[in-house]
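Remember, it's a predicted structure, so these values are computed and weren't measured experimentally. Here is how names work: the chains are called A, B, and so on, in the same order as the sequence lines, proteins then strands, and each is numbered from 1.
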2 protein chains.
Amino acid sequence: MAGIVACAWELAREQGIAGVTLHGLARAVGIRQPSLYEYFDSKHALYDAMFADGNRQLIERLNAVKLSRDHRAALKQILAAFTAFALEDPARYELLFQRHLPGFTPSPESYALAAEVLNRIVALMRAAGVTAEGDIDCIVAITAGLIEAQLSNNPGGNRWVRHLNRLIDLLVDDAITRSKQ
Amino acid sequence: MAGIVACAWELAREQGIAGVTLHGLARAVGIRQPSLYEYFDSKHALYDAMFADGNRQLIERLNAVKLSRDHRAALKQILAAFTAFALEDPARYELLFQRHLPGFTPSPESYALAAEVLNRIVALMRAAGVTAEGDIDCIVAITAGLIEAQLSNNPGGNRWVRHLNRLIDLLVDDAITRSKQ
DNA sequence: GTCTATATTTGGATAGAC
DNA sequence: GTCTATCCAAATATAGAC
């Protein structure tokens with residue numbers, strides 16, 4: 001089961017998330033396609049298992065970050081870890097954070113994992129002095145914007161994401177200034 | 001021909017860009033599916049015609065903006081027009097600016113139209129004092145980040161895009177400060 | 001230009017034996 | 001749990017008549 005999901009990720013890395021088919025997955029696993037229904041009730045159930053697994057991977061990765069005592073530095077660290085996670089596997093990022101799969105919506109249990117990721121990051125923003133919802137939205141959108149520009153124009157490079165820390169500073173400074181008024 | 005493309009856009013708005021099929025398009029136009037090959041050599045040729053058409057629509061929209069003499073105000077105007085264009089038709093934005101269609105790459109002629117759009121916007125950034133490539137990249141990525149957050153979390157609203165002007169100011173100020181050093 | 005008819009491929013899903 | 005066999009649906013594309 002875990003092995004099948006791992007195999008599916010491998011296929012996704014090679015052919016994109018939409019390129020994962022039950023026939024292809026079964027071939028890669030070494031069984032016949034109908035046998036997959038022993039593990040997943042449907043294609044969407046497979047996606048959901050991958051969604052949950054990917055989020056668990058991400059949570060583990062974020063857990064592994066040794067956070068600085070300085071709140072702003074900690075925010076930069078966590079966003080850098082998130083960005084690295086996104087860039088190292090575009091197909092995984094696509095399944096977890098983009099909505100390209102027609103009809104797929106994660107189950108509530110899987111979605112809860114995604115929410116935990118966001119909560120974790122937002123908590124660090126708050127600690128760094130970014131408390132207004134609008135400011136939080138901006139940092140989230142900017143991070144995603146840099147990642148998506150990087151992935152679609154220059155996967156493997158850093159032309160866009162290298163500006164992340166600078167933009168965080170700009171935003172955090174501005175957010176703090178505004179919330180003090 | 002133009003009518004067929006217009007029909008395809010209508011379908012895209014209803015069902016998403018991936019939901020445009022030759023059968024469905026033929027039905028909407030009032031002909032049989034094989035007859036479409038009289039107008040387009042392939043599905044991708046249809047996409048390419050839509051891509052070119054969408055970019056022409058956007059260029060026309062940008063042309064219609066009465067630009068302020070103040071360069072920064074003009075930049076805000078053009079980015080606001082771009083954003084409004086993006087939000088009013090998510091499927092069109094998807095075809096023009098996201099890479100969700102497996103195997104589709106615009107032809108050089110169509111791509112030239114997209115490049116013209118970008119050049120137009122970059123020219124206004126330069127006029128506003130944003131000249132470094134990195135700063136230009138940041139503004140592009142931030143604009144796209146806000147648009148994509150808006151479209152995927154709250155299409156029809158303005159929770160994210162309402163911060164665009166503020167972020168432009170922040171970036172332009174910072175870019176000018178840096179380039180003066 | 002438009003049609004009918006059909007080829008071809010791809011993928012998800014089910015039935016039922018072992 | 002895994003298999004064979006099959007079904008079904010959707011979609012692109014082509015052949016050839018009118």
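Atom-to-atom, NE2 of A:H23 to C1' of D:dC7 comes out at 12 Å; the value is rounded to the nearest Å. In this structure, CZ of A:R27 is placed 14 Å from P of D:dC3, rounded to the nearest angstrom. Rounded to an integer number of Å, the gap from B:L25 CG to D:dA10 P is 17 Å. Atom OH in A:Y37 sits about 7 Å away from atom P in C:dG12, given to the nearest Å. Spacing between atom CD1 of B:I31 and atom P of C:dT4 amounts to 12 Å, rounded to whole angstrom units. Atom pair A:F40:CZ and C:dT14:P shows a separation of 16 Å (rounding to whole Å applied). Separating the CZ atom of A:R32 from the P atom of C:dA15 is a distance of 21 Å, rounded to the nearest angstrom. Nucleotide C:dA13 holds its P atom 11 Å from the CG atom of A:L36, rounded to whole Å.
Relative to the side chain of A:E38, the nucleotides C:dA13, D:dA13, D:dT2 differ in distance, and D:dT2 lies closest. The listed nucleotides are C:dG11, D:dT2, D:dA15; the one nearest the side chain of B:P34 is D:dA15. Distance from the side chain of A:S35 is smallest to D:dT2 among C:dA13, C:dT4, D:dT2. Side-chain proximity of B:Y39 to the nucleotides C:dG11, C:dT2, D:dA11 is greatest for C:dT2.
Looking at every heavy atom in both residues, B:L113 comes nearest to B:I59 through O-CD1, 3.9 Å.
Each salt bridge (Lys or Arg N to Asp or Glu O under 4.0 Å) pair with one or both residues in residues 135-145 of chain A, not counting sequence neighbours, appears once here: A:D135-B:R166, A:D137-B:R159.
One N or O donor and one acceptor, one from the side chain of B:Q33 and one from the base of D:dA13, sit under 3.5 Å apart.
Enclosure of atom OH in A:Y111 is not indicated, since only 12 or fewer non-hydrogen atoms of other residues, nucleotides or ligands lie within 6.0 angstrom.
For A:F51 and A:F97, the ring centers are positioned 6.0 Å apart or more.
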